[in-house]
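Have a look at the structure below, then the notes.
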Amino acid sequence: MGKRIRSLAGIVAAAGLAVGIAAPPATATVEMGEATHQGCVFCHPQDIRIAGPAGLYYKENGSLDGYEGMEVPAKLTAEDCLGCHDESWETNPKQRKLEDPHADKAELKHGDGAFWCLRCHAPGHRNKLELMNGEELDWRDSPRLCGQCHGPVYRDWKAHLHGRWSGELANATPARLCPDCHNPHDPKFKPLPPEPAPQEPVAAPVAADLTFVAVGGAIVALLLTAFAAFGRRD
Amino acid sequence: MATPDRTPARPTPEPRPMTLQPASSSSRPVSRRDFLRRVGQGSAAFAVTTMVPTDFLQMPKIFTQEDFTWKHFVEMTDAEKQQRVQELEELYRKRFNDDRISIATTPAKEGVLWGYALNIGKCVGCRRCVKACVGENNQSRDPEIEWIRVLELEKGTMDLDESHHYYNPKEVPDEEHYYMPVQCQQCENPPCVKVCPTTATWQEKDGIVVVDYNWCIGCRFCLAACPYFARRFNWGEPTWNGNLNPHMHYLGNRPRFKGVMEKCTFCIQRSREGHYTACVEACPVGARKFGNLLDPQSEIRQLIAAKRVFRLKEEAGTHPKFFYFTD
């Protein structure tokens, strides 16, 4: 699907440029790269309504107006990033309140303001993470990224003491990576609804016990009678 | 209700370790088992002929006459175990209408002593472990039996008598509480084993305390002896809602019946195959850790070395192999 849209968007963009329609400036105050200042309409035609597979984004007239009051987008994947953040899109390293499709990440609730998105996301390749030494990581290697600042926890994690490991004891694999338990943008573990409580004990089943006694007694009586009759005949 | 399993409808396998004729090739005298077998058959015949329609004589459907006559599990030879298990598999497959049912008798591995640790700093009291355990280990759904009990304690206290386990808020953890799941602590010095009058419960080489459900007479001494309230009794006929885990172990999650005791076995059917227990796999916060106490590289050993660890009711002298810790 991604490919289809990419080519579609490419065609649209190409067509838009070919016909020479200068896209009206985006009405929202998006800083999409200080140099280019491109708005969404640079690539997406004005009157197109776009809803992602999860109804992610909604775009009506090339502005970001439609986003207000929209549901918080479901999680994006690494493949999604390059659709917008391609080479033509300049990075804005300024720490700011984002007004953009990553609505739930408008503010970073991690690190007490000490760092910004690009401490973790590679500025050039949004589908990658970046270590402090400039090395780029795939998302699935995120524990190393976190380990830069959370050394002791990272060490515990490697020793299987933090997080959940599963499968065979001798050959355990992580059942979860750090971001699966801690949203990297708001890492405190979130409360969750508990499973139902155990049933409160009910009174002992007296009735059953009584049948036991009654029936048992009846049988014993029967047997006794039988034995008695047997004995008399002898 | 009929008593299908006591009638000869079930085909009896040819070779039997014990025959009805004690005077056969083996020169063994009439053993207690043979005696019981005959008495059992006699009374079965009595019950069938008289057709006494009582609950009392009605054996649970998965409880067969052979159950009276089989040896104690630890006394069985491998061949006998094999045969016993085959019989049971056949019986269960028919009874539960599930051909996948298999019953392992995997023995303890040399050089393995299982230990468990639980991070009470992380546990959020969500009871995912409880439900995973019920599903894995075939606890009765109704009447409800749960091997794990999650205690809710007020922060700043350690008094188990003041704990609650029926808590049910919308979300956990709750600000004022912390949580302490309690299950069988697999004591090295288990009081439950000591008090059992029929040796129906014992400690295996890998440290797991198990129950042979067919030798349990339901006296519940062990229930009273356990300082951790870790044993559960089948007061009623267990039911499973058709959700039976077919992957069974003879000493673990095979279906129990009314009147016997059961308890956590560290998922013997999983751990002896080298897998994590169901509760470890279910814990969303990763608070549960499991491993071999004799392996210095294991998680459990590293954890005991690195973390603040304690055991519950240590003063009871039970030497649990279940540790609690915080980061």
Side-chain angles (χ1 to χ4, degrees), chain A residues 143 150 152-178 180-182 187-223 226, chain B residues 46 50 52-57 117 119 122 124-132 142-146 149-150 164-174 179 235-236 271 273-276 280-292 295 297-300 302-303 306-307 325 327:
Chain A
H150 299 292
V153 176
Y154 181 55
R155 200 168 52 215
D156 275 359
W157 181 78
K158 282 193 293 186
H160 305 187
L161 305 187
H162 192 96
R164 171 146 58 101
W165 293 72
S166 88
E168 289 183 35
L169 280 157
N171 196 10
T173 50
R176 297 268 185 284
L177 295 177
C178 321
D180 301 327
C181 289
H182 304 288
K188 190 150 182 54
F189 196 88
K190 303 297 173 296
L192 61 169
E195 293 282 338
Q199 286 163 9
E200 308 246 358
V202 288
V206 182
D209 283 359
L210 284 183
T211 11
F212 183 91
V213 170
V215 172
I219 289 172
V220 169
L222 235 148
L223 287 174
Chain B
F46 174 81
T50 53
V52 183
T54 63
D55 223 31
F56 162 54
L57 284 176
N119 189 337
K122 284 218 169 56
V124 293
C126 69
R127 298 200 188 95
R128 302 285 189 278
C129 51
V130 179
K131 303 298 167 187
D142 182 30
E144 186 185 82
I145 291 188
E146 291 174 350
R149 184 176 299 171
V150 187
H164 306 273
H165 57 278
Y166 300 116
Y167 65 89
N168 202 14
K170 270 217 173 53
E171 281 190 335
V172 287
D174 141 353
Y179 303 85
W235 291 98
S271 52
E273 309 291 341
H275 288 275
Y276 284 101
V280 169
E281 294 273 4
C283 181
V285 296
R288 289 171 167 270
K289 303 290 163 196
F290 180 65
N292 179 4
D295 172 7
Q297 299 309 316
S298 68
E299 307 168 22
I300 189 90
Q302 304 218 5
L303 187 152
K307 305 285 179 188
F325 72 102
D327 279 319

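Every chain is numbered from 1, with letters handed out A, B, ... down the list of sequences. All figures in this text were calculated on a predicted structure; none of them were measured in a lab.
Heavy atoms closer than 4.5 Å to chain A are found in the side chain of B/V124, but not in its backbone. For B/P143, no part lies near chain A; criterion is any non-hydrogen pair under 4.5 Å. For B/K131, the part lying under 4.5 angstrom from a heavy atom of chain A is the side chain only. Residue A/D156 touches chain B through its side chain alone, counting heavy-atom pairs closer than 4.5 Å. Heavy atoms of B/N119 lying under 4.5 Å from chain A are absent altogether. Both the backbone and the side chain of A/A159 have a heavy atom closer than 4.5 Å to some heavy atom of chain B. Contacts of A/P152 with chain B are absent, with no heavy-atom separation under 4.5 Å from either backbone or side chain.
Side-chain atoms of B/Y167 come within 3.5 Å of backbone atoms of B/G125 as a donor-acceptor pair (strictly under, hydrogens ignored). Between the side chain of A/R164 and the backbone N or O of B/C283, at least one donor-acceptor pair lies under 3.5 Å.
Within the cation-pi definition used here (under 6.0 Å to the ring centroid, within 45° of the axis), B/R288 does not qualify as a partner of B/Y276.
At a threshold of 4.5 Å between non-hydrogen side-chain atoms, the residues B/E299 and A/L161 count as touching. Residues A/W157 and A/L177 are in side-chain contact: their nearest non-hydrogen atoms beyond the backbone lie under 4.5 Å apart. With contacts defined as side-chain heavy-atom distances shorter than 4.5 Å, the pair A/T173/A/S166 qualifies.
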